[in-house]
Amino acid sequence: MKTFKNILYWFLIAIALIQFIPVNRVNKPVDQKVNFVNVLATPGNVQAILKKACYDCHSNETIYPDYAYVAPISWSIKNHITKGREHLNFSEWGTFNKDLKKNMLENSAKSIKDYSMPLGAYINKHPKANLTKAERVLLSDYFDGILKSGNY
């Protein structure tokens, strides 16, 4: 019993100490001239879907939930956001070359159609991000339409 109390004591000390390891949660400013929804004059209904299901991980407009301020959860969340932005950052859309944009649109449409995005873990904590079939069709059709037009 004494060993268990010792382990628990040191575990709680460690949890308390790791709270002091900083995590950068500052979003870069968004230049509206290169933001996806502005560059492509995205319709409001599509913008709403993007904002509720994609923008927390794939833009510089992340809204961090309360639990994102507790280590070690905060480290995992920041890692997911960093990786998400590496794959696609809607806030920096206008800075990408045409090949990258094409690839991002193709991958986005595919990920939405095959239900691999938004991530299940994200949906568990953010149920509003769980897209309906109609929303998935609308969003993937929007991306496919941009691809067909070649105007990206």
Side-chain angles (χ1 to χ4, degrees), residues 1-32 34-40 42 44-97 99-144:
M1 186 64 153
K2 184 173 177 154
T3 304
F4 175 74
K5 285 182 181 178
N6 257 349
I7 291 170
L8 181 61
Y9 172 78
W10 287 109
F11 175 75
L12 292 173
I13 294 292
I15 292 294
L17 289 174
I18 65 174
Q19 302 311 308
F20 294 102
I21 299 172
V23 173
N24 182 0
R25 291 179 210 83
V26 177
N27 290 320
K28 290 198 283 187
V30 177
D31 180 352
Q32 297 304 324
V34 297
N35 193 11
F36 179 87
V37 296
N38 296 62
V39 170
L40 296 172
T42 303
N45 58 339
V46 175
Q47 282 186 44
I49 295 168
L50 289 170
K51 299 260 182 188
K52 79 174 187 171
C54 309
Y55 264 50
D56 271 348
C57 295
H58 295 286
S59 80
N60 296 336
E61 298 179 43
T62 303
I63 299 169
Y64 290 93
D66 292 340
Y67 59 84
Y69 292 84
V70 179
I73 298 166
S74 58
W75 305 339
S76 175
I77 291 170
K78 182 60 180 174
N79 184 51
H80 278 274
I81 291 167
T82 299
K83 286 183 179 184
R85 289 176 180 169
E86 286 172 2
H87 290 281
L88 167 62
N89 188 332
F90 289 109
S91 298
E92 298 177 3
W93 181 259
T95 66
F96 303 129
N97 68 45
D99 290 334
L100 268 174
K101 289 177 183 176
K102 180 179 185 229
N103 185 271
M104 289 177 194
L105 287 167
E106 289 171 343
N107 287 338
S108 295
K110 181 185 177 303
S111 297
I112 292 162
K113 289 174 189 172
D114 70 13
Y115 286 73
S116 60
M117 282 290 159
L119 295 174
Y122 182 76
I123 292 170
N124 284 339
K125 294 287 186 191
H126 305 270
K128 67 179 173 120
N130 193 7
L131 300 176
T132 65
K133 184 172 170 103
E135 289 171 325
R136 286 181 183 279
V137 169
L138 178 65
L139 197 51
S140 62
D141 284 354
Y142 180 68
F143 291 148
D144 287 339

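What you see below is based on every heavy atom in this structure, not just the backbone, and it leaves out hydrogens, waters and symmetry mates. By convention here, the first residue in the shown sequence is residue 1.
Looking only at side-chain heavy atoms (C-beta outward), L139 and V46 come within less than 4.5 Å of each other. Using a 4.5 Å cut-off on side-chain heavy atoms (C-beta onward), Y64 and K78 make contact. With a 4.5 Å cut-off on side-chain heavy atoms, V34 and S91 do not count as touching.
With salt bridges taken as basic N to acidic carboxylate O contacts below 4.0 Å, one links K113 and D144. Salt-bridge annotation for K110 and E106: absent, with no side-chain N of the basic residue lying under 4.0 Å from a carboxylate O of the acidic one.
Contact between H87 and M104 at its shortest, heavy atoms only, is O-CG, 3.6 Å. In this structure, A53 and A129 approach most closely via the heavy-atom pair CB-O, 3.7 Å. Nearest heavy-atom pair, S108 versus L88, reported as atom, atom and distance to 0.1 Å: OG-CD2, 3.4 Å. For the residue pair K101 and G94, the shortest heavy atom distance occurs at NZ-CA, 4.3 Å. Residues P118 and R136 come closest through the heavy atom pair CD-NH2, 3.8 Å.
One distance of note links OG1 of T62 with NZ of K28; it measures 11.5 Å at 0.5 Å rounding. Note that CD1 of I77 and NE2 of H80 are 8.5 Å apart. Values are rounded to the nearest 0.5 Å. Atom CD1 in I7 sits 12.0 Å away from atom CG in L12 (nearest 0.5 Å). Between the CG atom of N38 and the CD atom of Q47 there is a distance of 7.0 Å, given to the nearest 0.5 Å. With rounding to the nearest 0.5 angstrom, the CZ atom of F143 is 10.0 Å from the CG atom of L138. For the atom pair L100 CG and N97 CG, the distance stands at 4.5 Å (nearest 0.5 Å).
Crowding of K52 atom NZ: a count of heavy atoms from other residues, nucleotides or ligands under 6.0 Å exceeding 12. The neighbour count for L17 CG, taken as heavy atoms of other residues, nucleotides or ligands under 6.0 Å away, is above 12.
Among I112, T132, L131, T42, the one residue that satisfies the side chain to side chain contact (heavy atoms under 4.5 Å, CB included) test with I49 is L131. Test F96, Y55, W93 against F36 for ring-ring contact (aromatic ring centres under 6.0 Å, His included) and you get one pass: W93.
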Quick one: do I63 and D56 satisfy side chain to side chain contact (heavy atoms under 4.5 Å, CB included)? Show the steps, please. CA-CA 6 Å; I63 299 169; D56 271 348; 3.8 Å; yes
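A donor-acceptor contact under 3.5 angstrom links the side chains of N35 and Q32, judged on distance only.
Identified under the side chain to side chain donor-acceptor pair (under 3.5 Å) test for residues 9-27, with sequence neighbours left out: N27-R85. For residues 65-75, the pairs satisfying side chain to side chain donor-acceptor pair (under 3.5 Å) are Y67-H126, with sequence neighbours left out.
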